[in-house]
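Step one of this worksheet: look at the structure below.
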Amino acid sequence: MQHRGSGVADQRRLRGRYRLHRRRPAMTSPSTTGVRTRFCPSPTGMVHVGLLRTALFNWAHARHTGGTFVFRIEDTDASRDSEESYRHLLDSLRWLGLEWDEGPEVGGPHGPYRQSERHEVYREVAQALLAAGHAYESFSTNEEVEARRLAAGQDPKLGYDNADRFLTDEQKAAFRAEGREPVLRLRMPDEDLTWTDLVRGEIRFAAGSVPDFVVVRANGVPLYPFVNPVDDALMGITDVLRGEDLLPSTPRQLALYAALTDIGVASGAPRFGHLPYVTGEGNKKLSKRDPQSNVDVYRERGFVPEGFANYLALLGWSIAEDRDVFSMAEMAEAFDVTRVSANPARFDLRKAEAINATHLRALPVEDFTERVVPFLARAGLVADPPTAEQRRVLGAIAPLAQERMIVLSDAVGLLGFLFVEDVEVDPAAAAKQLAGPEAAEVLDAAQTALRELPDWTTAAIETALKEALVEGLGRKPRQAFGPVRVAVSGRTVSPPLYESIELLGRERTLARLAAARVAVPG
RNA sequence: GCCCCCAUCGUCUAGCGGUCCAGGACGCCGCCCUUUCAAGGCGGUAGCACGGGUUCGAACCCCGUUGGGGGCACCA
């Protein structure tokens, strides 16, 4: 990625060149263009479902408005960031189908898109803020602030008391003489800070309720509440959709934007939309420690991106009164941020599975088959790529298996019996279907019926088994076929029986019936 | 403690003053179909937190209460 000049004047020029006009807070409409949204995670560990939902909504908002979706990496914390989780982030976004228009590996006119490559920019902007008097040097230590609040009979939790706002040069010099280095704080305005939140409407913070905050550390390292808006401004972000947890920091950002606008780095504040939390069991926000919050878990279980994205979208948004299954394209078409719910949404695994199952069934069979292969291969059931014979079996069984699965990994348990020499019979299934003398009779009759069957076809197998078991033994279908199914597939749930037997072939079928017969107690 | 957000079936939601004795989905429970299990079809179960207003009329507007959640770093 190219690094360009980064002086403030440079930035101003660049912005003048690339930036689109900012709009006043207003409800979005499809005809409005120039919307620029962004997704800006920090690469510290696993990808959280709430994080991905935020990305999805930003993507959808950009696509719906014909705008631009920007991806920026906030890797300013070297101790927690890792290249591995950076790669993983890109991979997860792409997996879900969230292609970004500007960002890492794609480039764009506002790069670089990794904060670790933008230090110069922040330094310049901070200096400009200081020079213009919007920021000032502050020498107070936390201990001193706390002591002052206590002395004034106030709650120390109130934080910094703006005491260093009007330090004279002599005072500053004295502090420096003591060996102190100042932090840079932004001077908060003396008026209420309000905005019209895209999802929550009017929000107001009283003047004086937010203290002057640190913008650059004493050691010169800029802080998140500073670099984040600076990058947004420089990248021309018009709509900030982020988690509700950042709502309380919005007043500070508004103040920063006012200052940035004054010095020509920004032109007004973006619109903000604070998305509700995704919660887990209970009502607590889904913790990073909760295994349910890790997107990889779903991916590895074989959720398809279409299904997972669909479910994620349902966490706070609905496409219509009587519908909840839709594609990404349909979402982009219909998405309206102002209709996102402000309520926290509980991640409901059962519903996620149901939505996924629907998408799985809607897949063209060939597509479905392709997606199942890696799961079977990983389980050691088929070669990768599968052999011609394995392909033949897969092609035949896939359409029958498709509607019986919820996630792709279900294929391992459902189809495994077709790709091994001997089945391992599920003990619970055996207990249920391979117990008493009735089962033994059924297995004997089935072996007899199939042993000399001239045509090894589904139709012939069906006729033979029905004649032998239903008519011959007078069994009800469920009693007749239950033991056979378990003997052959090892489970009580399998693809349709006759087709399965045909695919399995005479030899393995008879061997399994015999093995099951021997295993029947008594 | 201070500030902020939220409040419709168990869960996710529709509802943006009358068409709501509140609609859909997941779950759950029946029934049908059926070679098991699913899938599919049909039906059922269950909700506007509470109290005041405003209004001819309130799930929808306002205030309060209660309850839940979040934020208050030289972390992102």
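No experiment lies behind these values; they were computed from the predicted model shown. Throughout, protein chains are lettered first and strands after them, A, B, ... in sequence-line order, and every chain is numbered starting at 1.
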Report summary line: In whole angstroms, the gap separating P of B:rC4 from CZ of A:Phe205 amounts to 7 Å

Query raised in the report: Tell me: CG of A:Asp192 to P of B:rC3, nearest whole Å?
Result: 13 Å

Report task. Mind checking A:Arg361 for me? I need base, sugar-phosphate or nothing, with any heavy atom below 4.0 Å counting as a touch. Result -> sugar-phosphate

Query - A:Ser138 and A:Tyr160: CA distance, side-chain angles, deciding distance, side-chain contact (heavy atoms from CB on, under 4.5 Å) verdict - result: CA-CA 10 Å; A:Ser138 170; A:Tyr160 176 66; 3.6 Å; yes

Query raised in the report: Once you round it to whole Å, what is the distance between C1' of B:rC20 and CD of A:Glu321?
Result: 11 Å

Query raised in the report: Quick one: side chain to side chain donor-acceptor pair (under 3.5 Å) partners of A:Arg301, sequence neighbours excluded?
Result: A:Glu353

Report task. For the residue pair A:Phe308 and A:Phe347, categorise the inter-ring angle as parallel (less than 30°), tilted (30 to 60°) or perpendicular (more than 60°). Result -> tilted

Query raised in the report: Are a donor atom and an acceptor atom from the side chains of A:Thr458 and A:Glu502 found within less than 3.5 Å of each other?
Result: yes

Query - Nucleic acid footprint by protein, nucleotides 67-74 of chain B - heavy-atom cut-off 4.0 Å, B for base, S for sugar-phosphate alone - result: -SSSS--B

Query raised in the report: Under 3.5 Å, is there a donor-acceptor pair linking the side chains of A:Thr194 and A:Asp192?
Result: no

Query raised in the report: Where along residues 469-484 of chain A does a heavy atom fall under 4.0 Å from RNA chain B?
Result: A:Pro477, A:Arg478, A:Phe481

**Report entry** d(CD, A:Gln402; P, B:rG40) in whole Å
**Finding:** 13 Å

Query raised in the report: Looking just at side-chain N and O atoms, do A:Asp455 and A:Thr457 make a donor-acceptor pair shorter than 3.5 Å?
Result: no

